[in-house]
Number of protein chains: 2
Amino acid sequence: MTTSSDTRTELLRPDGSPVRVLVVDDEASLTELMSMALRYEGWEVRTAADGAGAVRAARAFRPDAVVLDVMLPDMHGLTVLGRLRRELPDVPVLFLTAKDAVEDRIAGLTAGGDDYVTKPFSLEEVVARLRGLIRRSGAAARRTESVLAVGDLTLDEDSHEVTRGGQSIHLTATEFELLRYLMRNPRRVLSKAQILDRVWSYDFGGQANVVELYISYLRRKIDAGRSPMIHTRRGAGYLIKSAEAAAA
Amino acid sequence: MTTSSDTRTELLRPDGSPVRVLVVDDEASLTELMSMALRYEGWEVRTAADGAGAVRAARAFRPDAVVLDVMLPDMHGLTVLGRLRRELPDVPVLFLTAKDAVEDRIAGLTAGGDDYVTKPFSLEEVVARLRGLIRRSGAAARRTESVLAVGDLTLDEDSHEVTRGGQSIHLTATEFELLRYLMRNPRRVLSKAQILDRVWSYDFGGQANVVELYISYLRRKIDAGRSPMIHTRRGAGYLIKSAEAAAA
DNA sequence: CGCCAACCTGTGAATTCCCTGAGAAACGCC
DNA sequence: GGCGTTTCTCAGGGAATTCACAGGTTGGCG
């Protein structure tokens, strides 16, 4: 429709300014990673390394969403949460928590519409969850659709349903995340490194050819028999586009 | 008739503004938890930590419903109730009380249209009770339906009656709450963590596989022999949808 | 045309995730 | 207090998923 270069639906605040996200974690490498990913989404990002800083930043920055590590040096995440809520009663929070420590401490975290992801997470997952939170919180100007569409291919982020030409397609969790990443960047070449960084968790230590493998899986399910939508740019990466656009 | 994408019916006041709820409890973590859950319902929430604060808040905030802990630091819940009634004669009240201390005086109060839940409660339960109170009090714009329907499955929040294809189904209390939560979010994947936070009481410290277990129970009763409505999204969670929608 | 790098995909093993039976404990009702 | 019901733990089994490996295929380039 409009310029093909950016089909990314921006999440905007009512006044048209970009969404603001506060990231709170004491591990600098992690806040760094997240900042880059979220800024790339077109969001404004501020970071804090501890609870006190988080509260200060919340007051000054007034974010639309917060990413909060449950384990902080100065206070427990739930304490921080309480103080944050005093500043920002309605802001949705995405908690980061260690996989094994899913103890009773976490009970209630997702209860109010908040959400959490366990470390190690994939950036795609974090971004998707954040988008969901912001979408549902009403901070976004318009409640954006939860359905991504490229050509006759659709992917519903709420129901996790994927269809091509109206026909339902079953994907595994990893396949789903990979396809979501591709579809959120249609007509854009994504390198294997980008995909690996984005779809696999940040501590993935395996072979880089898992990407090839999963692209192969996806093709079998998405493109099977039909005109292909997933294309290889040899030496560069992969991209997805509608079959009609491909014909052009 | 197929289920729409978002069946969450907003409870609104006659003038179209969101319903207002006052939460009174001296335990900050509890008011915190409740606030999150109620705001997520789309309601406006104010909190107070003691009886005096409650009366002040009632005067200023003029809520449509009150959640009131019976045990408060400065005065007994029934005393607070009296003062509240002077401010808000018709407002329905949901009492919070310890399990063992269900004084019959409180039990008697429910005759007047009020209601109570015992600690520890589940958020699903509190929200449902509140919805019921508000619905019946007439504060809501229109008397909203108390029946949830997904496909040929119906669940009456008032009578607790559940039917599939016209046939009545007996559920236990937990099964009922789980099904209600699913049905209030049709076609949306709910993670085990979300379900646990919402359907089980906030102090539940047990194994996360109770969710799997109860899903199994529900399937036996809801889906037995018929085309299944409860679906597993491996690695993501569960969702409910009408059998016809599933066939698509 | 031949070679190499990049990519594709079949096979299979390890792992994770989920389901469910059996029974213990808690509850509620007479 | 006794009995049926409900909730929950535990553990085994089974199936889906993830991933490594390796051999085959393709495309670009000299």
Side-chain angles (χ1 to χ4, degrees), chain A residues 99-100 102-104 107 118 120-122 124-125 160 162 169-179 182 189-196 199-201 203-224 228 230-239, chain B residues 98-100 102 107 117-122 124-125 160 162 169-179 189-193 195-196 199-224 228 230-239:
Chain A
K99 179 121 191 181
D100 41 4
V102 184
E103 304 278 321
D104 45 354
T118 57
F121 46 76
S122 74
E124 191 53 24
E125 171 118 39
H160 281 218
V162 175
I169 296 173
H170 170 81
L171 299 185
T172 72
T174 306
E175 290 164 0
F176 180 82
E177 285 212 2
L178 171 56
L179 181 60
L182 291 173
V189 175
L190 302 168
S191 72
K192 272 185 277 196
Q194 281 180 307
I195 293 173
L196 209 50
V199 175
W200 271 260
S201 39
D203 72 340
F204 178 81
Q207 307 298 310
N209 87 325
V210 283
V211 176
E212 298 170 17
L213 186 60
Y214 272 87
I215 288 284
S216 166
Y217 291 159
L218 271 187
R219 279 178 168 146
R220 212 171 297 170
K221 294 182 177 180
I222 302 294
D223 288 344
I230 299 173
H231 304 268
T232 304
R233 286 282 171 277
R234 209 181 166 79
Y238 300 94
L239 83 164
Chain B
K99 184 131 205 166
D100 40 6
V102 184
V117 295
T118 58
K119 293 183 181 180
F121 46 77
S122 76
E124 196 52 26
E125 169 119 39
H160 277 219
V162 174
I169 297 173
H170 169 80
L171 299 185
T172 71
T174 307
E175 289 164 0
F176 179 82
E177 285 209 4
L178 171 56
L179 181 60
V189 174
L190 301 169
S191 72
K192 273 183 276 197
I195 294 172
L196 210 51
V199 174
W200 270 260
S201 42
Y202 52 81
D203 71 341
F204 178 82
Q207 307 300 310
N209 87 324
V210 284
V211 176
E212 298 170 20
L213 186 62
Y214 272 86
I215 288 283
S216 169
Y217 291 160
L218 270 187
R219 278 179 169 147
R220 222 170 287 174
K221 295 182 176 180
I222 302 293
D223 288 343
I230 300 173
H231 303 267
T232 303
R233 286 278 170 280
R234 194 166 242 267
Y238 300 95
L239 83 163

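Computed from heavy atoms alone, side chains included, the values below leave out hydrogens, waters and symmetry copies. Below, chains carry the letters A, B, ... as their sequence lines are ordered, and counting in each starts from 1.
Scanning both residues, T232(A) and Y238(A), for their nearest heavy atoms gives OG1-CE2, 3.5 Å. Closest of all the heavy-atom pairs between V199(A) and E177(A) is O-OE1, 3.6 Å.
Aromatic ring pairs are classed by plane angle as parallel below 30°, tilted from 30° to 60° and perpendicular above 60°; the pair Y202(B) and F121(B) is perpendicular.
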Per-nucleotide protein contact string for nucleotides 23-30 of chain D (B base, S sugar-phosphate only, - none; heavy atom under 4.0 Å): ---BB---
Nucleotide N/O of nucleotides 9-11 of chain D paired with protein N/O under 3.5 Å:
{"from": "dT9(D)", "atom 1": "OP1", "to": "Q207(B)", "atom 2": "N", "distance (Å)": "3.3"}
{"from": "dT9(D)", "atom 1": "OP2", "to": "Q207(B)", "atom 2": "N", "distance (Å)": "3.4"}
{"from": "dA11(D)", "atom 1": "N6", "to": "N209(B)", "atom 2": "ND2", "distance (Å)": "3.3"}

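Distance L179(B) CG to dT6(D) P: 16 Å, rounded to the nearest Å. The nearest whole Å value for the distance from the CZ atom in F176(A) to the C1' atom in dT18(D) is 18 Å. To the nearest angstrom, C1' of dT18(D) lies 13 Å from CD of E177(A). At whole-Å resolution of the value, CD1 in I215(B) and C1' in dT7(D) are 16 Å apart.
Annotation: side chain of E175(A) is not in contact with side chain of I169(A) (no heavy-atom distance under 4.5 Å).
Residues satisfying the salt bridge (Lys or Arg N to Asp or Glu O under 4.0 Å) criterion with E125(B), sequence neighbours excluded, are R129(B).
Distances shown here put every side-chain N or O of T174(A) at or beyond 4.0 Å from the OP1 or OP2 atom of dT17(D). For dT7(D), the OP1/OP2 oxygens have no side-chain nitrogen or oxygen of W200(B) closer than 4.0 Å.
Where R220(A) and G237(A) each meet DNA chain C at their nearest nucleotide, the meeting point lying more 5' is that of G237(A).
Reading DNA chain C from its 5' end, the first and the last nucleotide to sit under 4.0 Å from a heavy atom of chain A are dA5(C) to dG10(C).
Across its full length, the helix from dC1(C)-dG30(D) to dC30(C)-dG1(D) shows an angle of 30° between the axes of its 5 terminal pairs at either end, rounded to 10 degrees.
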List the atom pairs, donor and acceptor, that lie under 3.5 Å between side-chain atoms in residues 206-218 of chain B and the rest of the protein, sequence neighbours left out.
{"from": "E212(B)", "atom 1": "OE2", "to": "K192(B)", "atom 2": "NZ", "distance (Å)": "2.9"}
{"from": "S216(B)", "atom 1": "OG", "to": "R220(B)", "atom 2": "NH2", "distance (Å)": "3.4"}

